[in-house]
Amino acid sequence: GNNARPLKVQVKAAECIAAVALAVGHVIGMHADQSSYDPIYVRAKSALEVMEQERLFDVALQIIKSDSHRSLDSSRDTPGSRLREAAGLVLLALSSRSSVSSSYLISNGAVPTLLSIASEPGVLSAASTVRGKWASKGLSFLEAATTLLIKAWTNK
């Protein structure tokens, strides 16, 4: 993250990137069995490649590892907690569809960090301020950790 930008701007940017990353992952997942010539699939793959080239997996990992965003604080909706949750959603989307991202995250210790965040008190029972009441604040971290563990296990 660029700390020169106000935190509220960083949060909005991260939430937008998380939404795009999740949508791209969804499109790629839906079209995986179909022709790679489908224009929507081709655009989604291209967007994923840009995210990989921009190393969004590394940016998001640094955000969740950062001391300044250390607590999701399940009782409050703070800009720091929103930024961290958006970063978790980016990691979930990228770990699900990008082998480049998965390999980097696995080799740079993302799984213990993700599990640590998911196990913070109240995080799994508090409603997400980014995804809505149907998902908990910690769900994306647990999902990303699970995805990476399965990929690490199946790639050995």
J.: Kindly say whether Ser116 contributes a backbone atom to a donor-acceptor pair with the side chain of Ser119 at under 3.5 angstrom?
T.: yes

J.: Could you pull out the closest heavy-atom pair between Ser140 and Leu89, with the gap in Å?
T.: CB-CD2, 3.6 Å

J.: Answer yes or no: is there a side-chain heavy-atom contact under 4.5 Å between Leu142 and Leu114?
T.: no

J.: Using links of under 4.5 Å between side-chain heavy atoms of ILVMFWY residues, direct or through other members, which residues join Ile40 in one cluster?
T.: Val27

J.: Look up atom CG in Leu94 and atom CG in Asp58, then write down how far apart they are to the nearest 0.5 Å.
T.: 11.5 Å

J.: Using every non-hydrogen atom in the two residues, find where Leu83 and Gln10 come nearest and quote the distance to one decimal.
T.: CD1-O, 3.7 Å

J.: Between the side chains of Ser102 and Ser99, does any donor sit under 3.5 Å from an acceptor?
T.: no

J.: If you define the side chain from C-beta out and look only at heavy atoms, does anything of Val42 sit under 4.5 Å from Asp38?
T.: no

J.: What pair of heavy atoms forms the shortest contact from Ile64 to Gly88, and how long is it?
T.: CG2-N, 4.2 Å

J.: When the side chains of residues 16-23 are checked against the rest of the protein, which donor-acceptor pairs come out under 3.5 Å, sequence neighbours left out?
T.:
none

J.: For Gly138 and Leu124, which heavy atoms make the closest approach, and how far apart are they?
T.: C-CD2, 3.6 Å

J.: Compare all side-chain heavy atoms of Ile117 with those of Glu120 and state whether any distance is below 4.5 angstrom.
T.: yes

J.: Please list all pairs meeting salt bridge (charged side-chain N to carboxylate O under 4.0 Å, His left out) that have one or both residues in residues 14-31, counting only residues at least two apart or in different chains.
T.: Lys12-Glu15, Glu15-Arg82

J.: Should Val59 and Val130 be counted in the same cluster of Ile, Leu, Val, Met, Phe, Trp and Tyr side chains packed under 4.5 Å apart?
T.: no

J.: Does the distance from a Lys or Arg side-chain N to an Asp or Glu carboxylate O, for Glu49 and Arg55, drop under 4.0 Å?
T.: no

J.: Flag the pair Thr78 / Ser81 as yes when at least one side-chain heavy-atom distance between them is below 4.5 Å, and no otherwise.
T.: yes

J.: Can you find a side-chain donor-acceptor pair between Ser101 and Glu52 that sits under 3.5 Å?
T.: no

J.: Between Val24 and Arg97, is any pair of side-chain heavy atoms under 4.5 Å apart?
T.: no

J.: Going by heavy atoms in the side chains, are Leu115 and Phe141 under 4.5 Å from each other?
T.: no

J.: Can you check whether Met51 reaches Ser98 side chain to side chain, under 4.5 Å on heavy atoms?
T.: no

J.: Report yes if the side chains of Ser128 and Lys133 come closer than 4.5 Å at any heavy-atom pair, otherwise no.
T.: no

J.: Identify the heavy atoms of Tyr104 and Leu61 that sit nearest to each other, and give their distance.
T.: CE2-CD2, 4.1 Å

J.: How many angstroms lie between atom CG of Leu92 and atom CD of Glu143, to the nearest 0.5 angstrom?
T.: 5.0 Å

J.: Under 3.5 Å, side chain of Thr154 to main-chain N/O of Ile150, donor-acceptor pair present?
T.: yes

J.: Using 0.5 Å steps for rounding, measure from the OH atom of Tyr41 to the OG atom of Ser46.
T.: 12.0 Å

J.: If I take atom CD from residue Glu85 and atom CD1 from residue Ile63, how far apart are they, to the nearest 0.5 angstrom?
T.: 13.0 Å

J.: What distance do Ser95 atom OG and Leu105 atom CG have between them, rounded to the nearest 0.5 Å?
T.: 6.5 Å

